[in-house]
There are 2 protein chains.
Amino acid sequence: MRFPPRLEQLLQTLRRLPGVGPKTAQRMAFHLLERDREGAGALAAALQGALQYIGRCRSCRMLAEGELCSLCTAAGRDRTTVCVVESPADVGAVEESASYRGLYFVLHGRLSPLDGIGPAELGLDGLAGRLGSGEFREVIIATSATVEGEATAAYVAAVARACGLRATRIAHGVPIGGELEYVDGTTLARAIAGRVAVGDTDPETPR
Amino acid sequence: MRFPPRLEQLLQTLRRLPGVGPKTAQRMAFHLLERDREGAGALAAALQGALQYIGRCRSCRMLAEGELCSLCTAAGRDRTTVCVVESPADVGAVEESASYRGLYFVLHGRLSPLDGIGPAELGLDGLAGRLGSGEFREVIIATSATVEGEATAAYVAAVARACGLRATRIAHGVPIGGELEYVDGTTLARAIAGRVAVGDTDPETPR
């Protein structure tokens, strides 16, 4: 059925959210209009505030409110290491792991020539400039373990080596707590190919 | 990790949507900010437009942009029958079934004295006034088949009978296409208790 035009408009725009189909959009719209009008107003205001003020950090391309993000300006971070990731969500994931205290560089995608995504679109010229400044020692490449992610990793590694820096790739293999029999073959093959001599796994000295 | 304040704000407000947890909110926020800023603006505008202009129809309490909803003002509907439902989504579902051409009355809930929801909160005094006007012949009660839905149905039926109208309840039983062995026991018990003599199922003459 046709709902009032502004309700239809709301349903249409809610469906632009990832993972939201017609039924979910209806549920969300009715919830907001019937039970949480205050929430609807807050969401509209938050969207506008985010659109107006959130851009990319000039240095690492992370989402930021000012010129620089809170990670680039934070005191006490290791400014000789940069971790290259594909998305702001990946920065969140690495930070959650509490295993890394260096800086980041966010590509906002991965190399995909067929889709017109080349090094320029990923800000890799800017990264090359930053790496060439002499402040860094190591580039940790944490792009995803897909064909495009690996291609991107190879490109970033070449850029890093051209600047005379050590390029490392995060390890891929069997997840911690994962039972071998349920791990997919590709991951297991990678884990076997990437095996390390027992006693060689000190994270401070990557191979 | 802490994202910029306005991004945190957006994540918080997205989580007010039904079925949206922290991960989904992050996915939505990043999608909007990175890939669909136009969609984010459209959503903010649609939310504000809906909040400002969408209220309840004066006659049937359906969501409407003006005084009356499109169903109450539509030509060619049967104005002697009213179908009582719990929510605007239910109106959508009945309309989709294309099996009903009368008017509606939306309760926006069901009787639940423990939660402070009595007849007044459901607009049942307004319904009584409308039913007493003499324009109706039949009240079809399509509240849900829950304890509270049945209590609400009984109340609405009493109101209808007090106005000298025929009150009917939609049939409950085995869904069409449903295989008997997979139907839950309560539904099956209801289907057996509500069995009809073969040949008696003409929908125009409810028992």
Side-chain angles (χ1 to χ4, degrees), chain A residues 1-14 16-20 23-24 26-55 62-66 69-71 87-89 91-96 108-109, chain B residues 1-14 16-20 23-24 26-55 62-66 69-71 87-89 91-96 108-109:
Chain A
M1 74 169 285
R2 295 286 303 171
F3 290 112
R6 282 189 180 81
L7 180 51
E8 288 286 347
Q9 187 72 29
L10 179 57
L11 293 172
Q12 291 289 324
T13 49
L14 281 170
R16 293 177 80 148
L17 292 169
V20 175
K23 282 278 169 191
T24 310
Q26 230 186 65
R27 194 161 137 244
M28 287 174 168
F30 289 145
H31 173 84
L32 290 175
L33 288 172
E34 304 240 290
R35 269 177 295 251
D36 193 11
R37 286 192 163 236
E38 190 204 320
L43 179 54
L47 281 165
Q48 282 170 332
L51 279 179
Q52 193 174 349
Y53 292 102
I54 294 183
M62 178 63 182
L63 293 175
E65 273 191 31
C69 72
S70 56
L71 290 163
S87 73
V91 174
V94 175
E95 283 296 295
E96 291 284 310
H108 293 278
Chain B
M1 75 170 284
R2 295 287 301 170
F3 291 111
R6 283 190 179 82
L7 179 51
E8 288 286 347
Q9 188 71 29
L10 178 57
L11 293 172
Q12 292 288 324
T13 48
L14 281 170
R16 294 177 80 148
L17 292 169
V20 175
K23 283 278 169 191
T24 310
Q26 231 185 62
R27 194 161 137 244
M28 288 174 167
F30 289 146
H31 174 84
L32 289 175
L33 288 174
E34 305 239 291
R35 270 177 295 251
D36 194 12
R37 284 192 165 236
E38 190 204 321
L43 179 55
L47 281 165
Q48 282 169 332
L51 279 179
Q52 193 173 349
Y53 292 102
I54 294 183
M62 178 63 182
L63 293 175
E65 274 190 32
C69 72
S70 56
L71 289 163
S87 74
V91 174
V94 176
E95 283 296 294
E96 290 285 309
H108 293 278

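Quick note on labels: first sequence line is chain A, next is B, and so on, each numbered from 1.
Contact record, A/A64 with B/P4: CA-CG, 3.8 Å, taken as the closest heavy-atom pair. What you find for A/A50 and B/L10 is that their closest heavy atoms are CB-CD2, 3.9 Å. The nearest pair of heavy atoms linking B/I54 to A/L7 is CD1-N, 3.3 Å.
Between chain B and the options A/Q52, A/M28, A/R35, the largest number of non-hydrogen pairs under 4.5 Å is found for A/M28. The residue among B/E34, B/Q9, B/H108 with the most heavy atom pairs within less than 4.5 Å of chain A is B/E34. By number of non-hydrogen pairs under 4.5 angstrom with chain B, the leading residue of A/A45, A/G19, A/A29, A/A42 is A/A42. Considering only heavy-atom pairs separated by less than 4.5 Å from chain B, the leading option among A/L11, A/L51, A/L33, A/L63 is A/L51. For the options A/K23, A/Q12, A/E38, heavy-atom pairs under 4.5 Å to chain B are most numerous at A/E38. In terms of heavy-atom pairs under 4.5 Å with chain B, the best-connected choice from A/P5, A/G55, A/G109, A/G66 is A/P5.
Residues passing the side chain to side chain donor-acceptor pair (under 3.5 Å) test with A/E65 are B/R6, sequence neighbours excluded. Scored by the side-chain contact (heavy atoms from CB on, under 4.5 Å) test, A/L32 finds A/A40, B/L17, B/L47 as partners (sequence neighbours excluded).
A distance of 9.0 Å separates CZ in B/F3 from CG in A/L71, rounded to the nearest 0.5 Å.
Using a 4.5 Å cut-off between heavy atoms, B/V94 makes no contact with chain A at all. Heavy atoms of B/Q26 lying under 4.5 Å from chain A belong exclusively to its side chain.
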